[in-house]
Amino acid sequence: MLPITTIGLEQVRLPVRDRLDAVEQELRGMVPSGFGALDEVGEYLFARSGKLLRPTLLLLADGVAGRPPTDAVKLGAIVELLHVATLVHDDAVDHSARRRGRPTVNHRWTHQVAIIAGDYLYSRAVIEVAALGKLEPVSILAHTANRMTIGEMRQLVLHDGLDFSRADYEKLCEYKTASLMSAACELGTLPGALEYRGALRVYGHHLGMAFQIVDDLLDYTSSTEIMGKPPGQDLQEHKVTLPLIAALPKMGWVERRAVEALFEDAAPSSAAVREIVDLVEAHGGVESARDEARSRASRARDQLEGLPPGPCLDALGSAVDYVVERVR
């Protein structure tokens, strides 16, 4: 089991902090469309810096070999564009009202605007990666975008289903989240650390799996003040995630019926959601999900064995601790 730490994202970013500033500058140059209504949405989305976790991983992967950088900053901006596009579409599909404590695009404008804005960011990412004139990053990002789209459809089709299995859940995490983190790490090896491509791709995969599991876990354990959304929102939206999947087989008939009743209710009350959150925790679902996240994190760390020592490798190790022990 990994030790509990207090690693912050700033510590992970430290070796590439200056290059992350350059990523944000690239982003600001990529987003404008020349059309006012679309630019208003873009300015809203990028008015505040996001976590930039995926560009951070890309730059750290690029820095492992200690070679002069080439396209990594631009690739980092492209990966962030793709990530934000998926969030905008995600919120529209889920009819989510808030993200990171702010109104979503679909809530502030309309669902139509959200879909168009997400499409625009996707297309900008394609234009920017094609402008590099190199086929390999185009191929990696195209396959990743395809997998993420399939992941969204998987989630939509399996929505409301208490027969959603652990295998279904793992496939969903792989497509929706782990695929982009894995791609970010792989893209980082293309400019200067190609010999570590396989290890860092697998590292990104397991880190992404851990990230999504923790994200789902926080929906059961965190607060509105920390997360910017109420606890139990996944249950409110009838999403089945690993804590519930792990707890369901241990529930008695009456408890199982309470879960079924919540999923049959189009608008379950806060009290009903709280009851299921407590049931999941009482039957070990939260702890089981936490153990799985730590297991995935350990598998990610294993991939760093044998890579050249240095600040970037240390930061990739810190990223493992950050992902598994974060509180938001």
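Taking the centre of each ring, H107 and H95 stay at or above the 6.0 Å mark.
In summary, the side chains of S49 and E24 do present a donor paired with an acceptor at a separation below 3.5 Å, with no hydrogens or angles considered. Residues Q212 and D216 bring a donor and an acceptor atom of their side chains to less than 3.5 Å of each other. Looking at S165 and D168, their side chains do bring a donor and an acceptor atom within 3.5 Å of each other.
In terms of hydrophobic clustering, with Ile, Leu, Val, Met, Phe, Trp and Tyr side chains grouped at heavy-atom distances under 4.5 Å, L45 and F35 are assigned to a common cluster. With hydrophobic clusters built from ILVMFWY side chains whose heavy atoms lie under 4.5 angstrom apart, F46 shares a cluster with L38. Note: the hydrophobic cluster containing V79 does not contain M209 (ILVMFWY, side chain heavy atoms under 4.5 Å, direct or indirect links). Residues L132 and I140 are members of one and the same hydrophobic cluster, defined by side-chain heavy-atom contacts under 4.5 angstrom among Ile, Leu, Val, Met, Phe, Trp and Tyr. No chain of hydrophobic side-chain contacts below 4.5 Å, direct or via other Ile, Leu, Val, Met, Phe, Trp or Tyr residues, connects L180 to Y175.
Salt-bridge annotation for D278 and R274: present, with a side-chain N of the basic residue lying under 4.0 Å from a carboxylate O of the acidic one. Between E292 and R166 a salt bridge is recorded (basic side-chain N to carboxylate O distance below 4.0 Å). The residues D18 and R13 are annotated as not salt-bridged, no charged nitrogen and carboxylate oxygen being separated by less than 4.0 angstrom. Ion pairing between a basic and an acidic side chain is recognised when a charged N comes within 4.0 Å of a carboxylate O; K51 and E80 show no such pairing. Ion pair E255/K250 not flagged as a salt bridge, since none of the NZ, NE, NH1 or NH2 atoms sits closer than 4.0 Å to an Asp/Glu carboxylate oxygen. Salt-bridge formation is detected for the pair K239/E237: a Lys NZ or Arg NE/NH1/NH2 atom is positioned less than 4.0 Å from an Asp or Glu carboxylate oxygen. Salt-bridge annotation for D62 and R19: present, with a side-chain N of the basic residue lying under 4.0 Å from a carboxylate O of the acidic one. Here E152 pairs with K176 in a salt bridge; the nearest charged N to carboxylate O distance falls below 4.0 Å.
Taking the side chain as every heavy atom from C-beta outward, S298 and R301 never approach each other to under 4.5 Å. Between V320 and V324 the shortest side-chain heavy-atom distance does not fall below 4.5 Å. For the pair Y44 and R108, the minimum side-chain heavy-atom distance is below 4.5 Å. For the pair L60 and P15, the minimum side-chain heavy-atom distance is below 4.5 Å. Using a 4.5 Å heavy-atom cutoff, the side chains of R154 and I150 are in contact.
Note on ring orientation: taking the six-membered ring where Trp is involved, the planes of Y122 and H89 are tilted (angle from 30° to 60°).
Sorted by first and then second residue, the side-chain hydrogen bond (donor to acceptor under 3.5 Å, both in side chains) pairs involving residues 34-43 (not counting sequence neighbours) are S33-D39.
The CZ atom of F263 lies 5.0 Å from the CG atom of L162; values are rounded to the nearest 0.5 Å.
Checked options L307, D302, L304; the residue passing with Y203 is L304 (criterion: side chain to side chain contact (heavy atoms under 4.5 Å, CB included)).
Contact detail for T221 and V286: the closest heavy-atom pair is CG2-CG1, 3.8 Å.
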Checklist entry - Step by step, would you call L190 with R197 a side-chain contact (heavy atoms from CB on, under 4.5 Å)? => result CA-CA 8 Å; L190 298 186; R197 180 175 181 173; 3.9 Å; yes

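Annotation: cation-pi geometry satisfied between R54 and F211 (NZ/CZ under 6.0 angstrom from ring centroid, within 45° of ring axis).
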